[in-house]
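Below is one structure; the comments refer to it alone.
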Amino acid sequence: MIEYVNRLDDDAPRTGAVPRGAEAAVWSLDITQDVVGGHPLGGATAMLDAAERDRAGRLLREGDRRRYLASHVGLRVLLGGYLGLAPEKVALVREDCPCCGGPHGRPAVAGGVIHFSLSHSGDLAFFAFAGAPVGIDVEGLPSASAVADILNTLHPAETAELTDLPEPDRRTALARVWSRKEAYLKATGTGLALGVAEPYVGSAATPARVPGWTLADLPAPAGYAAALALRA
């Protein structure tokens, strides 16, 4: 388990070298900040590429747009630190989708020097960087109605585990399961296209073993669950 999550604040980050092998670097960001890694959000759009600006422009709610801008500025600042580039010089692409072959798979850095993953929920963003395919996810606790909606979409063993829990404990357990699932599905690039029944990740305090992958829960603030998946 990764016991330490770096914090991206107002100042420029000290990223160090690109993680290699079985190593991953994880960062968190409070996306209510006005300055991210030394860059005021007021001028953030100049740092983004055309696709990112288009996406930000299509978000109707100011809060959603701010979260998107803060998390993508954070991503570019951190990638720039690892690659020795200005944030706006980081070239982002999409890999081919492993399900259909279309150009909408995992987001990636052109040239594949470093693998990354980004997730945000509420006012929190998490970032992961590694030398191999990696996925990260952070989730706020779901509502009771969301638990009821999702419960039967999971692996049958996970559904049984959650059903056996006292109702007040299911929200925390489902957030744990869902963050593990999402981290793995982001790392593989399949996303939710094939559903969330597989793989079995379990609801216990320690994730179930997923062949070929390292799956770990991450430290997260109260009210959140977070997980990382890294190709072994």
### Query
Hey, is the main chain of Leu151 close enough, under 3.5 Å, to the side chain of Thr159 for a donor-acceptor pair?
yes
#### Entry: Check: Arg170 side chain, Leu165 main-chain N or O, donor-acceptor pair, under 3.5 Å
yes
### Task
Just do the ring pair (Phe, Tyr, Trp, His ring centres under 6.0 Å) check on Phe127 and Phe116 with the steps written out, would you?
CA-CA 7 Å; Phe127 310 85; Phe116 70 88; 9.3 Å; no
### Message
Within the 4.5 Å heavy-atom criterion, are Arg231 and Val134 side-chain neighbours or not?
### Response
no
#### Entry: Test applied, side-chain contact (heavy atoms from CB on, under 4.5 Å); reference residue, His72; option that passes from His120, Glu52, Met47, Arg67
Glu52
### Residues Val138, Leu218; criterion side-chain contact (heavy atoms from CB on, under 4.5 Å); working and verdict
CA-CA 9 Å; Val138 59; Leu218 299 171; over 6 Å; no
### Query
Do Leu92 and Val90 have side chains that get closer than 4.5 Å, going by heavy atoms?
yes
### Summary
Of all heavy-atom pairs linking Ile31 and Gly122, the shortest is CD1-O, 3.6 Å
### Query
When you measure from the side chain of Glu88 to the backbone N and O of Leu48, does any donor-acceptor pair fall under 3.5 Å?
no
### Query
Any side-chain heavy atom of Asp30 within less than 4.5 Å of one from Leu124?
no
#### Entry: Salt bridge flag under 4.0 Å for residues Glu158 and Lys181
yes
#### Entry: Validation row: Val36, Asp10 side chains within 4.5 angstrom (heavy atoms)
no
### Message
Can you give me the closest heavy-atom contact between Phe129 and Leu79, atom names plus distance?
### Response
CE2-CD2, 3.6 Å
### Message
Looking at Arg66 and Thr32, would you say the former's side chain and the latter's main chain have a donor-acceptor pair under 3.5 Å?
### Response
yes
### Message
Taking Ser203's backbone N and O only, do any of them form a donor-acceptor pair with Glu161's side chain (distance below 3.5 Å, no angle check)?
### Response
yes
### Query
Is there side-chain contact between Asn6 and Val26, with heavy atoms separated by less than 4.5 Å?
no
### Query
Does the side chain of Leu78 reach to within under 4.5 Å of the side chain of Leu8, using non-hydrogen atoms?
yes
### Note: Asp49-Arg76 ion pair, threshold 4.0 Å (strictly below)
yes
### Task
Assess whether side-chain contact (heavy atoms from CB on, under 4.5 Å) is satisfied between Ile150 and Leu174, documenting all intermediate values.
CA-CA 9 Å; Ile150 294 169; Leu174 178 58; 4.1 Å; yes
#### Entry: Parallel, tilted or perpendicular, as decided by the 30° and 60° cut-offs, for the rings of Tyr184 and Trp213
perpendicular
### Message
Between Arg171 and Pro142 (side chain of the first, backbone of the second, donor and acceptor by atom type, cut-off under 3.5 Å), is there such a pair?
### Response
yes
### Message
A quick test of your reading: do over 12 heavy atoms of other residues, nucleotides or ligands sit less than 6.0 Å from CZ of Arg55?
### Response
no
### Task
Using a cut-off of 6.0 Å, state whether more than 12 heavy atoms not belonging to Arg58 lie near its atom CZ.
yes
### Message
Looking at every non-hydrogen atom in both residues, tell me the closest pair between His39 and Val77 and how far apart they are.
### Response
CD2-CG2, 3.5 Å
### Query
Would Arg180 and Asp217 pass as an ion pair if we require N to O under 4.0 Å?
yes
### Task
Search all heavy atoms of Thr172 against all heavy atoms of Leu141 and return the closest pair with its distance.
CA-CD2, 3.9 Å
### Message
Please determine whether side-chain contact (heavy atoms from CB on, under 4.5 Å) holds for the pair Arg94 and Arg106, giving the CA-CA distance in whole Å, both sets of side-chain angles, and the decisive distance to 0.1 Å.
### Response
CA-CA 6 Å; Arg94 283 278 185 175; Arg106 292 190 318 144; 5.9 Å; no
#### Entry: SB check Arg65 Glu62 (cutoff 4.0 Å)
yes
### Message
Would Ser119 and Glu182 count as a side-chain contact (heavy atoms from CB on, under 4.5 Å) here? Give the steps.
### Response
CA-CA 9 Å; Ser119 177; Glu182 282 266 24; over 6 Å; no
### Query
Distance-only, no hydrogens or angles: does the Ser28 side chain make a donor-acceptor pair with backbone N or O of Phe126 under 3.5 Å?
no
### Task
Search all heavy atoms of Ala187 against all heavy atoms of Ala229 and return the closest pair with its distance.
CB-O, 4.0 Å
### Message
Are Val109 and Val93 packed together at the side-chain level, in the sense that at least one heavy-atom pair is separated by less than 4.5 angstrom?
### Response
no
### Message
Are Leu85 and Val18 connected into the same hydrophobic cluster when the rule is that any two of I, L, V, M, F, W, Y join if their side-chain heavy atoms are below 4.5 Å apart?
### Response
yes
### Query
Are the side chains of Pro133 and Thr188 in touch, meaning some heavy atoms are under 4.5 Å apart?
no
### Task
Examine distances only and state if a side-chain atom of Ser117 and a backbone atom of Ile136 form a donor-acceptor pair shorter than 3.5 Å.
yes
### Task
Taking all non-hydrogen atoms of both residues into account, name the closest pair between Glu23 and Pro19 and its distance.
O-CB, 3.7 Å
